[in-house]
Amino acid sequence: MSEIVNIAANETTGTSRRSFLRTAGGAVAAVTALGAAAAQQKPNAGNEVQLSQIHASTEAAEKAPGPFLPTNRRVGFAIVGLGRLSLNQILPAFAKSDSCKPVALVSGDRGKALKIAAQYGIAETSITDYAGFEKLKEMPGVDVIYIVLPNGMHREFVMRAAKMGKHILCEKPMANSAAECEEMIAACKAANVKLMIAYRQQYEPMNRTLEKAVRDGRIGTLRSIVASNSQDQGDPTQWRLNKKLAGGGAMPDVGIYCLNAARFLTGIEPEEVFATVVQPKDDPRFREVEARCEVIARFPNGVTATFTTAYDTHRSAFLRLEGSDGFAEMDPAFGYHGSKLRFVKLMDGKDTEMTPSIEDKDQFALEMDHMASCVTNNQQPHTGGEEGLQDMRLVEAIYKSAATARSVKVTPPTGPTRGPGLPAMES
Ligand code: NAD
C-alpha cells in the first residue's frame with residue numbers, strides 16, 4: 001500500500017506542493033467564492049453586522065450569520081406530513097434559514113400537529129388534515145407547499161397543490177414512476193407554479209466544491225465513480241417496504257443519492273445501466289421490495305459509476321471519484337451533517353492528501369432558501385422537476401436491467417435537467 005502524506009490546507013512548502021494546494025486548495029477558494037456568491041444573493045444584503053476581531057490574525061476569523069429577512073418578509077412554507085424528516089430536520093432548519101418561515105401544517109394527527117404548531121408559532125387555524133388540503137389555498141402567508149409524504153403520495157399532492165396555484169417543493173424521489181413525474185411537471189407548467197425536488201446535496205458547499213474540483217480537472221480526467229448508500233431497516237410494516245407507497249426498496253430511497261451524485265458531480269448523463277437486485281425470500285421485510293441493488297452505469301467518454309445500495313446492511317455511505325491523476329473521496333457521504341472530503345494526488349513521488357476545511361451548513365435551510373429565492377425572483381429552481389424525472393427514468397432502467405439480466409440503454413435528456421438558479425462558483 002502506498003504511503004499517503006497528509007498536508008494541511010495552509011501548508012505552503014515546495015513548488016509542486018504549492019501547485020497542488022493551488023489546485024486542491026482551489027477547492028477551499030471555491031468555498032470562499034461560493035460564500036461570496038451566496039452572500040450577493042442573500043436577502044437583506046447590506047444589513048450585515050461586522051464585529052471587530054479580538055483574536056490574533058493567525059486564528060480563523062469570526063463571522064456573524066445572516067443577514068436574515070425579518071419574519072414579516074419571509075417566504076411562508078406549509079409542511080405536508082409530520083413524520084421523521086419534517087420533525088427532525090425540516091422544521092428545525094427554519095431557524096437556520098435566511099428567508100423562510102413555517103406557516104401551516106398538514107397532518108392526519110391533529111394532536112401532534114397542535115403540539116408542533118405550538119413549538120413553531122404556527123396558528124391553530126393554519127392546521128389541516130389531508131382531506132382538507134385545499135384549505136391551504138386560503139390560509140394566510142402560504143407561498144410554498146413542501147410535500148414530505150411517502151413517495152407514492154407525492155404525485156397526488158403535487159397535482160392538488162398545483163391546482164391551487166401554489167409553488168411546490170417535493171421530497172425525493174419525485175414519484176414512483178417517470179410517467180408520474182411527467183404528469184407533475186405538466187401540471188406545474190400549466191398552473192405556472194414552480195416545482196423543485198428536494199435534492200439537498202446539490203445545495204451543500206462540500207458537494208459543490210467537489211463538483212467544481214472535478215469540473216476543473218483537479219483529479220485529472222475522471223474515469224470512474226464508486227459509491228454506496230446503505231442502511232438496515234427494521235419495522236417490516238413501514239411504508240418504505242410497501243411497493244405502492246415507496247415505489248421500490250433501497251434504490252429509489254437511498255440509492256438515488258449515489259445516482260444523483262454521479263449525475264450532478266460529473267455534469268453528464270448515463271447512456272446505459274446494468275443492475276441486479278437481491279430480494280431475500282425468507283425475510284419478512286422484503287416481501288414487496290428489494291433489499292439490495294447493485295448498479296453499473298456507463299456515461300459518455302467511458303466514465304463509469306458503480307454503486308451499491310441496501311436496506312439490510314449496517315449503515316454505510318461513501319463516494320469516491322477516481323481520475324487519471326488522483327482521486328476525491330467523501331466518506332462519510334450523503335448524511336445530513338458530518339461529511340468528510342479529501343483529495344489525493346501523486347506529488348514529488350508520493351501520494352499527497354489534501355483535506356479542505358469546509359463549514360458544515362444545514363442542507364435543508366440552504367435548499368429552502370433556494371426555493372424562496374426562486375419564488376421571490378421568479379427563477380427556475382436548480383433541481384426542478386426535470387432533474388427528478390431523469391432520476392426516475394434511470395431507476396426504471398435499473399429495475400428493467402435487473403429483471404432481464406441485460407444492460408439497458410437510456411436516452412439522454414434533450415436539454416439540461418438542472419436550472420441556472422445557483423450562483424456560479426469562480427474557477
Ligand atoms: P415518515 O414515515 O417518518 O413520515 C411520513 C409521514 O407521512 C408521516 O407523518 C405519516 O403519518 C404521513 N402519512 C400520510 N399518509 C400516509 C400513509 N398512507 N402511509 C404512511 N404514512 C403516511 O417518512 P419520512 O422519513 O419523513 O419521509 C417522507 C419523505 O421524505 C419521503 O419521500 C422520503 O423519501 C423523504 N426523505 C428525504 C430525506 C432527505 O434527506 N431529503 C430523508 C428522509 C426522507
Side-chain angles (χ1 to χ4, degrees), residues 77-93 105-117 127-133 145-158 160-161 168-177 180-181 184 196-204 207 229-231 233-261 264 288-289 309 311 315 317 332-339 361-368 370-371 381 383 387-388 391-392 395:
F77 281 62
I79 305 298
V80 186
L82 297 181
R84 288 158 195 82
L85 189 67
S86 293
L87 265 51
N88 299 345
Q89 305 300 330
I90 294 170
L91 283 159
L105 302 173
V106 181
S107 171
D109 180 342
R110 188 162 176 87
K112 176 168 65 173
L114 281 167
K115 285 184 190 166
I116 298 297
I127 299 173
T128 184
D129 58 13
Y130 300 109
F133 182 71
I145 296 182
Y146 191 168
I147 314 286
V148 201
L149 291 168
N151 313 340
M153 300 173 75
H154 292 178
R155 180 201 154 276
E156 177 194 335
F157 282 85
V158 165
R160 287 170 71 178
I168 302 156
L169 178 54
C170 176
E171 263 309 325
K172 49 52 62 183
M174 182 170 168
N176 277 4
S177 69
E180 286 187 356
C181 297
M184 292 153 78
M196 173 171 155
I197 309 306
Y199 286 111
R200 57 181 167 78
Q201 293 181 96
Q202 294 204 34
Y203 300 90
E204 189 274 327
N207 281 278
N229 197 16
S230 299
Q231 50 186 241
Q233 292 295 342
D235 179 7
T237 66
Q238 63 176 303
W239 69 260
R240 277 184 168 77
L241 304 169
N242 172 310
K243 182 94 193 274
K244 194 161 171 266
L245 286 170
M251 182 56 232
D253 183 21
V254 286
I256 205 163
Y257 287 89
C258 305
L259 177 64
N260 191 254
F264 83 82
E288 298 189 18
V289 299
T309 184
Y311 263 177
R315 191 171 289 274
F334 310 127
Y336 302 135
H337 297 285
S339 289
K361 296 258 178 162
D362 190 301
Q363 300 171 39
F364 294 93
L366 292 171
E367 141 199 308
M368 290 191 293
H370 176 71
M371 182 70 189
T383 53
E387 179 73 346
D391 272 347
M392 279 321 297
V395 169

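Along the sequence shown, the residues carry numbers beginning at 1. Counting convention: from 1, in listed order, for ligands and their atoms alike.
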For F77, ring pair (Phe, Tyr, Trp, His ring centres under 6.0 Å) partners two or more places apart: F94
Pocket residues around ligand 1 (non-hydrogen, under 4.0 Å) come out as L82, G83, R84, L85, K112, Y130, V148, L149, P150, N151, M153, H154, E171, K172, P173, R200, W239, R240, L245, D253, Y257, Y336, F364
Angle between ring planes, F133 versus F157, binned at 30° and 60°: parallel, tilted or perpendicular? perpendicular
Residue pairs, two or more places apart or on separate chains, that pass salt bridge (charged side-chain N to carboxylate O under 4.0 Å, His left out) and touch residues 250-260: K172-D253, R240-D253
Charged N-O contact under 4.0 Å between R200 and E204: no
Return the set of residues passing ring pair (Phe, Tyr, Trp, His ring centres under 6.0 Å) with Y311 (not counting sequence neighbours), or none when no residue passes. none
Should we say atom CZ of R315 is surrounded by more than 12 heavy atoms from elsewhere, each under 6.0 Å from it? no
